[in-house]
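Remarks on the structure that follows.
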Amino acid sequence: MTEKLIIKGGKSLQGIIKLRGAKNFVTKAMVAAILGDSASTLYNVPYIKDVETVSRLLELHGCSVEYKKAEGVLQINPANVLSPKIADIDILVGSSRIPILFCGPLLHKLGEAFIPNLGGCKIGDRPIDYHLESLRLFGAIIEKAKNGVKITAPDGLKGTKINLPYPSVGATEQVLLTACISDGVTQLSNAAVEPEIIDLINVLQKMGAIISVSTDRVITIEGVKNLRGFRHTSLPDRAEAASWANAALSTGGKVFVEGANQQDMTTFLNVFRKIGGEFDITDSGICFYHPGGELNSIPIETNVHPGFLTDWMQPLVVCLTQANGLSIIHETVYENRFGFTDALNKMGAKIQLYRECLGSVPCRFRQMNYKHSAAIFGSTHLKGADIEVPDLRAGFSYLIAALAAEGESRVSGVEIIERGYESFFDKLLALGADIELLQ
Ligand code: EPU
């Protein structure tokens, strides 16, 4: 059943919200726990659907999982890892891309893995060719089946040299999770180095792995015989922090995001300041606010870290509808992440999409049939509308648009937002939003 939120716009958000661990790290650290020969404990774990999904997946694979939601503490014991029934995992994967990362750990523990067709946000084709090619280089045998991919490693997995065609986050994690206890040395070139990946490396090092990262996107992993469990506190969720920052700015408000970390958000903070937002950084978090005056338009290109994170883009678009002049966004990570702008146009925004690369980053979508650049003409007066959430970040951007708009909006499908935003409804209420949830 889809949940619908009624939002009466026009109130500025004011107050404090607490940020917990990063969705895009926590779910991977949970998979890393399978590699240990003792239990692991993860702290600062947010209560979101993706954590629930990966917990269920781990249980189906024989791990015991105990989650204390209020404390944010998750314990995983991988003592009895087993192959689950394919039909059972199929039920879960509609909403997640994490199963692909089970490959390496399962190949090491069981000699085989079955990866169902994957879910996740519909923001592009999201193929898994880099994952499969990397696993082949480790010595795995890949067989395509009707409902997924069967992978075996009859001769074990051996360290190898891998050069990714693009610094994919998931493929880098795949290689890390596979290489740590493969035989010999693995050298990964053109790796992604997002903060969430560096924190995964922290976890693997605590488990006994030997991994070095050089400044040229090369990661070297020296295989060890076995790994132990870990105790680790997740880094904060920089995508969620930026979402609340945009919500504060678009509604002319002030939100203290407790737990937000400057270090992982430098690129976002620069952009936020350039468009006219302000922030105060303390040891316990970042206070984002609208200092008064007009907002400014800006050209932005999304990119791999340390560039502007693609997950920051969708909520920022709403702020840019409120900025004076022409903003340009060139999305270079996903080919199809602008579909959500139709609903914003329906609310009064003026956003036009282009197939051309409106920027200077060498982009894989050049001269292809993807509308991956956007021109946003501002400022525009947004009006409430009936809109439906298409994916996670677009969903949060619709909430922002509805909060900034004049009149009432009905936002349906908001359960998608629960995949990655802990207690967003309660947080909105605490910040003074005029909202009501219909089920
Ligand atoms: N790609 C391929 N082949 C592959 C793998 C990736 O062509 O085998 C392409 C993708 O299609 C995409 C690009 O490479 O165009 C980047 O994909 P990447 O592998 O880096 O992304 P991901 O691992 O699937 C994670 C996050 C995303 C985030 C990206 C980029 C998780 C669960 N998801 O996805 O988060 O946008 O990295 O930083 O960690 C979100 O949180 O809303 C979200 C979509």
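In each ligand, atom 1 is the first atom listed, and ligand 1 is the first ligand listed. All values below come from the heavy atoms of this structure, side chains included, with hydrogens, waters and symmetry mates left out.
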Is it true that the NZ or CZ of Arg273 lies under 6.0 Å from the centre of Phe279's six-membered ring and within 45 degrees of the ring axis?
-> yes
Under 3.5 Å, sequence neighbours excluded: what are the donor-acceptor pairs made by side chains of residues 148-157?
none

Atom CD1 in Ile298, atom CZ in Phe308: separation rounded to 0.5 Å?
-> 8.0 Å
Side-chain donor/acceptor of Ser373 to backbone N/O of Glu356, under 3.5 Å | yes
Element-labelled atoms of ligand 1 that are located less than 4.0 Å from some non-hydrogen atom of Leu309 | 38 (O)
Give the atoms of ligand 1, by number and element, whose distance to some non-hydrogen atom of Lys23 is under 4.0 Å.
-> 40 (C), 41 (O)
Short version for His131: what comes under 4.0 Å of ligand 1, heavy atoms counted, is both
Contacting atoms of ligand 1, where contact means under 4.0 angstrom from a heavy atom of Asp311 | 27 (C), 28 (C), 35 (O), 36 (O), 40 (C), 41 (O), 42 (O), 43 (C), 44 (C)
Are any of the N or O atoms of Tyr130 closer than 3.5 Å to those of ligand 1?
-> yes
Will you find, in the side chains of Tyr47 and Arg20, an N or O donor that is under 3.5 Å from an N or O acceptor?
-> no
Have a look at Glu335, Arg97, Arg364, Glu196 and point out the one with the heavy atom closest to atom 9 (C) of ligand 1.
-> Arg364
Lys NZ or Arg CZ of Arg364 over Tyr166 ring: under 6.0 Å, within 45° = yes
Cation-pi check, Arg393 onto Trp312 ring (under 6.0 Å, within 45° of axis) = no
For Thr310 and Glu331, does a side-chain donor sit closer than 3.5 Å to a side-chain acceptor?
-> yes
Answer with yes or no whether Ala192 contacts ligand 1, where contact means a heavy atom under 4.0 Å from a ligand atom.
-> no
Under 3.5 Å between some N or O of ligand 1 and some N or O of Val169?
-> yes
Can you list the atoms of ligand 1 that are under 4.0 Å from a heavy atom of Leu392?
-> 42 (O)
Give yes or no for whether the N/O distance cutoff of 3.5 Å, strictly under, is met between Glu173 and ligand 1.
-> no
Looking at Thr310, which atoms of ligand 1 are within less than 4.0 Å of one of its heavy atoms?
-> 36 (O)
Proximal ligand 1 atoms for Val333, defined as those under 4.0 Å from one of its heavy atoms = 12 (C), 13 (C), 15 (O), 16 (C)
Considering the heavy atoms of Gly170, write down every atom of ligand 1 situated less than 4.0 Å from one of them.
-> 19 (O), 23 (O)
Identify, by atom number and element, the atoms of ligand 1 in contact range of Arg337, meaning under 4.0 Å from any of its heavy atoms.
-> 36 (O), 42 (O), 44 (C)
Tell me the side-chain hydrogen bond (donor to acceptor under 3.5 Å, both in side chains) pairs involving residues 63-76, sequence neighbours left out?
-> none
Option among Thr220, Ile221, Val218, Ile219 that satisfies the side chain to side chain contact (heavy atoms under 4.5 Å, CB included) test with Val213 | Ile219
Is the closest heavy atom of Lys28 to ligand 1 under 4.0 Å?
-> yes
